[in-house]
Amino acid sequence: MLRAAVLVSGGGTNLQAILDAVKCGTITNTEVVGVISNNRNAYALERARAAGVPAKCVSPKEFQDRADFNKALMDAIDELCPDLIVLAGFLVVIPSELIRKYENRIINIHPSLIPAFCGTGYYGLKVHEAALERGVKVVGATVHFVDEGTDTGPIILQKAVEVQDGDTPEILQRRVMEQAEWIILPKAIDMIANGKVSVQGRHVTIVR
């Protein structure tokens with residue numbers, strides 16, 4: 001069984017998609033062993049507890065400096081002994097030490113078709129605001145491995161979503177979640193759990 005730890009900052013809709021997929025068997029050979037949030041008030045923590053998954057807050061506000069927070073975060077993750085770390089809307093910069101320790105074992109979901117609308121400053125609604133401002137006709141989501149850059153790691157899966165007339169950032173955000181994020185994130189986890197994903201440099205090969 002793949003031991004998956006999920007890191008979240010907010011409502012936890014992607015976490016819920018993962019929990020639901022494990023429960024119904026869309027994600028196989030996988031156990032969610034813990035959920036960690038940097039936000040004590042994150043609803044994602046309640047979702048985890050409701051599913052019987054251990055949930056913990058490690059907030060940078062509770063530490064004197066970033067180094068202490070990073071150590072506490074790494075300790076909390078290490079305690080779970082994860083095979084895979086899933087960033088599901090985690091709005092904290094991941095420590096370089098953690099990335100190196102768990103190389104090619106950390107994945108992230110980003111609400112755009114990387115390399116469009118990604119990198120520093122592109123998160124949450126800001127991604128969709130930028131897409132609408134640019135007037136693109138197609139947006140989407142990307143699941144990628146995490147490296148020491150921002151949204152620069154090897155791409156695992158992408159799914160496109162059409163922009164519609166009258167879209168607001170909020171409407172577009174919801175459609176991207178429903179039609180892309182909640183589909184490809186569970187799919188990526190399932191593929192990794194079943195040995196169907198390999199990484200060579202910046203390229204991911206998927207065994208069908």
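- Note that NZ of Lys56 is 7.0 Å distant from CD1 of Ile36, once rounded to the nearest 0.5 Å.
- Put simply, NE2 on His144 and CD1 on Ile109 are 8.5 Å apart, with the number rounded to the nearest 0.5 Å.
- Taken to the nearest 0.5 Å, the CD1 atom of Ile18 stands 4.0 Å off from the CG atom of Leu185.
- The environment of Glu97 atom CD is dense: over 12 non-hydrogen atoms of other residues, nucleotides or ligands sit within 6.0 angstrom.
- Residue Val197 is grouped with residue Ile107 when hydrophobic side chains (ILVMFWY) are merged at heavy-atom distances under 4.5 angstrom, including chains of intermediate members.
- Of all the heavy atoms in Ala44 and Gly12, the pair that sits closest is CB-CA, 3.6 Å.
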Mind running side-chain contact (heavy atoms from CB on, under 4.5 Å) on Thr13 and Arg47 for me, showing each step along the way? CA-CA 9 Å; Thr13 53; Arg47 294 181 188 271; 3.9 Å; yes
Using salt bridge (Lys or Arg N to Asp or Glu O under 4.0 Å), reason through Glu46 and Arg49 one step at a time and then give a plain yes or no. CA-CA 5 Å; Glu46 295 304 316; Arg49 293 176 184 125; 3.1 Å; yes
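- For the pair Ile114/Tyr122, no side-chain contact is recorded, criterion being any heavy-atom separation below 4.5 Å from C-beta on.
- Contact of the Leu2 side chain with the Ile189 side chain is registered, since non-hydrogen atoms from C-beta on lie closer than 4.5 Å.
- Within 6.0 Å of NZ in Lys187 there are 12 or fewer heavy atoms belonging to other residues, nucleotides or ligands.
- Side chain of Thr142 to backbone of Ser112: a donor-acceptor contact under 3.5 angstrom is found.
- Taking 4.5 Å as the limit, every side-chain heavy atom of Val22 sits out of range of all side-chain heavy atoms of Glu31.
- Residues Trp182 and Glu178 share a closest heavy-atom pair of CZ3-CG, 3.5 Å.
- Counting heavy-atom neighbours within 6.0 Å of Arg100 CZ, excluding the residue itself, gives a total above 12.
- Of the possible polar contacts, none joining the Asn29 side chain to the Asn194 backbone as a donor-acceptor pair under 3.5 Å is found.
- Criterion: ILVMFWY side-chain heavy atoms under 4.5 Å apart, direct or through other members. Under it, Ile85 and Val33 are part of a common hydrophobic cluster.
- Taking every heavy atom of both residues into account, Arg202 and Thr152 meet most closely at NH1-O, 3.2 Å.
- Side chains of Asn39 and Ser9: no donor on one and acceptor on the other come within 3.5 Å.
- Contact annotation: the side chain of His110 approaches that of Val127 to within less than 4.5 Å [non-hydrogen atoms, C-beta and beyond].
- A 4.5 Å side-chain heavy-atom check between Leu98 and Asn70 finds every atom pair outside the cut-off.
- With hydrogens and angles disregarded, no donor-acceptor distance shorter than 3.5 Å links the side chain of Ser37 to the backbone of Cys57.
- Here the closest heavy-atom approach between residue Ile171 and residue Gly166 is recorded as CD1-O, 4.3 Å.
- Using a cut-off of 4.0 Å between Lys/Arg side-chain N and Asp/Glu carboxylate O, Arg175 and Glu162 are scored as not salt-bridged.
- Remark: Asp78 pairs with Lys101 by the salt bridge (charged side-chain N to carboxylate O under 4.0 Å, His left out) rule, at least two apart or across chains.
- In plain terms, the two heavy atoms of Ala141 and Ile184 that are nearest each other are O-CD1, 3.5 Å.
- For the atom pair CD of Gln173 and CD of Glu181, the computed distance is 7.5 Å after rounding to the nearest 0.5 Å.
- Connection of Ile99 to Leu7 is established within a shared hydrophobic cluster, with ILVMFWY side chains joined at heavy-atom distances below 4.5 Å, either directly or through further cluster members.
- Looking only at distances, no side-chain donor or acceptor of Asp190 sits under 3.5 Å from a matching main-chain atom of Pro186.
- Separating the OG1 atom in Thr26 from the CG atom in Asp20 is a distance of 9.0 Å, to the nearest 0.5 Å.
- Other residues, nucleotides and ligands place more than 12 heavy atoms under 6.0 Å from the CZ atom of Phe63.
- Formation of a donor-acceptor pair under 3.5 Å by the His128 side chain with backbone atoms of Arg174 is not found in this model.
- The cluster map of Ile, Leu, Val, Met, Phe, Trp and Tyr, joined by side-chain heavy atoms under 4.5 Å apart, puts Ile155 and Val204 in different clusters.
- Considering every non-hydrogen atom in both Leu80 and Arg3, the closest pair reads O-NH2, 2.7 Å.
- A chain of hydrophobic side-chain contacts below 4.5 Å, direct or via other Ile, Leu, Val, Met, Phe, Trp or Tyr residues, connects Leu84 to Ile27.
- Here the NZ atom belonging to Lys61 is positioned 9.0 Å from the CG atom belonging to Asn38, to the nearest 0.5 angstrom.
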